[in-house]
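Structure first, then comments.
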Amino acid sequence: MTRLLIGFMLLLSGMNSFAQHAYFTTKGSIQYEKVVYTKARMRDIMAKYGGNNRGMMYMGNIDEMPESSTSNFVLQFDENQTVMSPSDTSTPVKSTMTAPGITKGSRSSGGGSRGGAGGSQRNNNGGNRMGGMMRGNNKMGEKIYVQNLRSRTSEIQLQIDEKILIKDSLQQVTWRFTDEFRTIAGYECRRVNGATKDSLYLIAFYSEEIPISAGPVLTNGLPGMILGLVIPEMHINYWATEVKFTNDEISNSWRDKKAKEMTANDFFKLLSSSIFRGRGGNESEQRRQILEQIIY
């Protein structure tokens, strides 16, 4: 009887110890690999503007472009905010993640297998300012995305001719849950399909094991962290490759005090009257062009 009692007490002790360690963390960092399927994306852009293989935004033959370009980002997170910035990782973690099965030619086309290495996006052709943006020049590559989860606001710091800090409320996405699951960076993730207020179609994979309602490039609104994001119409994928937990506080050293602050609407108006002037389309279409070519 005594041995039985001792064994029962040891069992309870073990279960208590397990419970103490089986918690979900709310502070850490995530490495993301961003893949842009450059050739497919450029073909779509040229088709929109009635171009051909030698277009106004790519000073060369599209057939000679690389299939994809790869860059790396790190997202720091805690219960109050997330900060996503370019990563200084020189050798990204390679994986075999692929975009979800999507019918070619449909609204959701543009997925593909991940691949390649690199820190910054790899395109070396010259061109005008708009071409530079399309090719991911260094300045445009230095974008910082910030989500304040308490105030439900966002900030994007980027540079065109000068550094700009765009302030807005967190974007609202209408999500539809599916029964599809896949493992990303060691975490079981559930697929959801979403649409923004600008009718941009998104595919996301989130994990409830990281109970922060956030994700790359200001995505949010799910009961867990988004570890995989596909933007089919833009031929862009984000996949988490590594998750680390930490007790470190998120630094605000990214913030440039000299950056010019403006609202998202003011930013869209500024570009619509300058860089995107004469590009055709209504206000909604121009907003989509800015999102596609500059923000994402």
Side-chain angles (χ1 to χ4, degrees), residues 30-45 67-73 75 77 82 84 92-116 121 143 145 147 154 170-243 287-289 291-296:
I30 304 172
Q31 292 284 342
Y32 286 94
E33 183 177 284
K34 174 185 178 181
V35 181
V36 181
Y37 294 92
T38 47
K39 184 179 291 187
R41 185 176 182 183
M42 188 59 66
R43 289 189 188 281
D44 279 1
I45 291 173
E67 290 291 339
S68 64
S69 63
T70 304
S71 54
N72 300 289
F73 291 83
L75 183 145
F77 66 90
T82 69
M84 181 176 176
V93 178
K94 291 185 179 181
S95 81
T96 57
M97 292 298 300
T98 58
I102 301 170
T103 303
K104 185 175 180 181
S106 70
R107 182 186 186 196
S108 306
S109 65
S113 61
R114 299 168 72 225
Q121 288 186 322
K143 289 178 283 192
Y145 302 86
Q147 297 182 88
S154 67
L170 285 179
Q171 68 172 336
Q172 294 183 351
V173 182
T174 301
W175 297 108
R176 293 184 180 276
F177 292 77
T178 76
D179 293 327
E180 180 182 338
F181 292 83
R182 68 164 61 183
T183 300
I184 301 175
Y187 291 82
E188 184 180 62
C189 298
R190 183 176 186 176
R191 172 177 172 167
V192 290
N193 302 326
T196 69
K197 65 180 181 180
D198 298 298
S199 299
L200 181 64
Y201 178 61
L202 305 175
I203 300 172
F205 292 86
Y206 75 94
S207 174
E208 293 186 0
E209 295 178 62
I210 308 175
I212 303 295
S213 182
V217 289
L218 308 182
T219 49
N220 65 92
L222 293 169
M225 182 66 73
I226 296 172
L227 297 181
L229 178 68
V230 179
I231 312 175
E233 295 174 41
M234 298 181 183
H235 304 280
I236 296 175
N237 295 352
Y238 289 88
W239 300 109
T241 57
E242 185 179 25
V243 179
R287 186 182 180 98
R288 283 288 298 275
Q289 293 175 28
L291 285 172
E292 177 174 350
Q293 299 176 27
I294 296 181
I295 301 301
Y296 290 109

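FYI, side chains are in, hydrogens and waters are out, and symmetry mates aren't considered; it's all heavy atoms of this structure.
Distance check: Leu229 CG to Trp239 CH2 gives 8.5 Å after rounding to the nearest 0.5 Å. Considering CG of Asn193 and CZ of Arg176, their distance stands at 9.5 Å, rounded to 0.5 Å. Distance check, rounded to the nearest 0.5 Å: CG of Asn72 to NZ of Lys34 gives 11.0 Å. Taking NE2 of His235 as the start and NZ of Lys39 as the end, the distance is 13.0 Å to the nearest 0.5 Å. The structure places OG of Ser69 at 9.0 Å from CD1 of Ile236, a figure rounded to the nearest 0.5 Å. Atom CD1 of Ile30 and atom CD of Glu242 lie 10.5 Å apart (nearest 0.5 Å).
Taking a cutoff of 4.0 Å between a charged side-chain nitrogen and a carboxylate oxygen, Arg190 and Asp179 qualify as a salt bridge.
Taking every heavy atom of both residues into account, Trp175 and Gly194 meet most closely at CE3-CA, 3.6 Å. Heavy-atom minimum distance, Gly221 versus Ser213: N-OG, 3.0 Å. Considering all non-hydrogen atoms of both residues, Gln171 and Leu218 come closest at NE2-O, 3.5 Å. The heavy-atom pair separating Ala185 from Tyr187 by the smallest distance is O-CD1, 3.2 Å. Counting all heavy atoms, side chain and backbone alike, Tyr37 lies closest to Ser68 at CD2-CB, 3.9 Å. Taking every heavy atom of both residues into account, Tyr32 and Ile226 meet most closely at OH-O, 2.6 Å.
With sequence neighbours excluded, no residue forms a salt bridge (charged side-chain N to carboxylate O under 4.0 Å, His left out) with Glu188. Residues meeting the side chain to side chain donor-acceptor pair (under 3.5 Å) test with Thr219, sequence neighbours left out: none.
The shortest side-chain heavy-atom distance between Tyr206 and Pro223 falls under the 4.5 Å cut-off. Two residues are said to be in side-chain contact when any heavy atoms from C-beta on lie closer than 4.5 Å; Pro232 and Ile203 meet this criterion. Side-chain contact between Leu202 and Val230: absent, with no pair of heavy atoms (C-beta onward) separated by less than 4.5 Å. Looking only at side-chain heavy atoms (C-beta outward), Met225 and Val243 stay at 4.5 Å or farther from each other. Looking only at side-chain heavy atoms (C-beta outward), Lys143 and Val217 stay at 4.5 Å or farther from each other.
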Evaluate the side-chain contact (heavy atoms from CB on, under 4.5 Å) criterion for residues Phe205 and Leu227: first the C-alpha distance (whole Å), next the side-chain angles of each, then the deciding distance (0.1 Å), finally the verdict. CA-CA 6 Å; Phe205 292 86; Leu227 297 181; 5.8 Å; no
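Side-chain contact, Gln147 with Thr82: a donor N or O sits under 3.5 Å from an acceptor N or O.
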